[in-house]
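Notes follow the structure.
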Amino acid sequence: MGSEIPQSISNLFSGDEVVSMVVEPSTLKPKMHPQKLIITNRRILIYKPGFIGSETEEYPFESIDKIDHKKGFMRSEIEIHTHGKKIELDNISNDEAVKAISIIRQNMQTHKTAQKTVVLQAPQSSVQ
């Protein structure tokens, strides 16, 4: 399962946020600066290191519309679709891709259920 979380990312976590999984491309086809997918109990983060500094994109589970999985013989590609944007992560081991997608979908469902519960329990305004 993945690798270490960059220090600049761990500083972004709130008190009750927990990392579920860190996914990065296989070392079979190394890239100069491979991006990492960091899955927490609240959101996903895409960490993109560069020559000078890094860039981090974050997406709460509520903003994820769908996930596509393109499975190859040994490696997979994951596509995460959020409100008009497509995030592509390729060269992920098939096992890690399946596990990551399962965790993300489970969290999406949990957050969707929690939102419905909050809406159903919202106080009714009284009309006088």
Side-chain angles (χ1 to χ4, degrees):
M1 172 164 81
S3 64
E4 291 187 25
I5 301 166
Q7 185 64 37
S8 61
I9 296 289
S10 60
N11 293 336
L12 299 175
F13 297 146
S14 62
D16 62 343
E17 191 166 13
V18 179
V19 174
S20 303
M21 185 175 186
V22 178
V23 180
E24 65 182 305
S26 165
T27 56
L28 293 178
K29 291 183 180 177
K31 289 184 178 178
M32 181 71 82
H33 300 286
Q35 63 185 7
K36 295 181 183 187
L37 168 65
I38 301 164
I39 307 167
T40 76
N41 59 325
R42 294 177 163 233
R43 59 192 168 165
I44 62 167
L45 298 117
I46 307 297
Y47 175 76
K48 301 175 183 179
F51 287 111
I52 303 172
S54 62
E55 180 183 338
T56 304
E57 297 174 2
E58 54 185 279
Y59 303 93
F61 292 111
E62 300 84 31
S63 72
I64 299 173
D65 299 320
K66 71 174 187 167
I67 302 172
D68 292 326
H69 179 205
K70 297 178 182 175
K71 185 176 179 181
F73 181 66
M74 293 178 59
R75 302 280 169 235
S76 289
E77 179 180 319
I78 300 172
E79 290 181 357
I80 301 169
H81 301 264
T82 66
H83 307 307
K85 184 170 184 175
K86 179 170 72 170
I87 302 147
E88 295 179 5
L89 301 151
D90 60 359
N91 203 25
I92 308 295
S93 79
N94 288 338
D95 290 343
E96 276 198 334
V98 168
K99 185 173 182 179
I101 290 168
S102 174
I103 291 169
I104 293 169
R105 285 185 175 149
Q106 182 178 11
N107 278 315
M108 287 170 63
Q109 188 61 44
T110 299
H111 285 267
K112 187 180 289 187
T113 302
Q115 280 185 327
K116 286 180 182 175
T117 303
V118 169
V119 169
L120 292 174
Q121 294 178 353
Q124 301 273 333
S125 61
S126 59
V127 179
Q128 295 179 356

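From S63, atom OG reaches atom NE2 of H81 across 13.0 Å, with rounding to the nearest 0.5 Å. If you take CD1 on I64 and CD1 on I104, they are separated by 5.5 Å, rounding to the nearest 0.5 Å. Taken from NZ in K66 to CE in M108, the straight-line distance is 11.0 Å, to the nearest 0.5 Å. Note that CD1 of I44 is 13.0 Å distant from CE of M21, once rounded to the nearest 0.5 Å. Once rounded to the nearest 0.5 Å, the distance linking OH of Y47 with CD of E57 reads 13.0 Å. Atom CD1 of I78 and atom CG of N91 lie 11.5 Å apart (nearest 0.5 Å).
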Review point. What do the steps show when you test I87 against L37 for side chain to side chain contact (heavy atoms under 4.5 Å, CB included), and what is the final call?
Key: CA-CA 10 Å; I87 302 147; L37 168 65; over 6 Å; no

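When all heavy atoms of A97 and I92 are compared, the closest pair comes out as N-CG2, 3.8 Å. Taking both residues in full, the closest heavy atoms of F73 and N94 are given as O-ND2, 3.3 Å, listed atom of the first, atom of the second, then distance. The heavy-atom pair separating K85 from Y59 by the smallest distance is NZ-OH, 3.2 Å. Pairing each heavy atom of T40 with each of N107, the nearest pair is O-ND2, 3.6 Å. Pairing each heavy atom of S20 with each of N41, the nearest pair is OG-N, 4.1 Å. Taking every heavy atom of both residues into account, P49 and S54 meet most closely at CA-CB, 3.9 Å.
Residues satisfying the side-chain contact (heavy atoms from CB on, under 4.5 Å) test with S102, not counting sequence neighbours, are none. Remark: E77 engages no residue in a side chain to side chain donor-acceptor pair (under 3.5 Å) (not counting sequence neighbours). V98 meets the side-chain contact (heavy atoms from CB on, under 4.5 Å) test with H69; sequence neighbours excluded.
At most 12 heavy atoms of other shown residues, nucleotides or ligands fall within 6.0 angstrom of atom CD in Q106.
Using a cut-off of 4.0 Å between Lys/Arg side-chain N and Asp/Glu carboxylate O, D68 and K70 are scored as not salt-bridged. Between D16 and R42 there is a salt bridge, since at least one side-chain N of the basic residue sits less than 4.0 Å from a carboxylate O of the acidic one.
Side-chain contact check for T56 versus I38: every heavy-atom pair is 4.5 Å or farther apart. L89 has its side chain within reach of Q35: a pair of non-hydrogen atoms, C-beta onward, lies under 4.5 Å apart.
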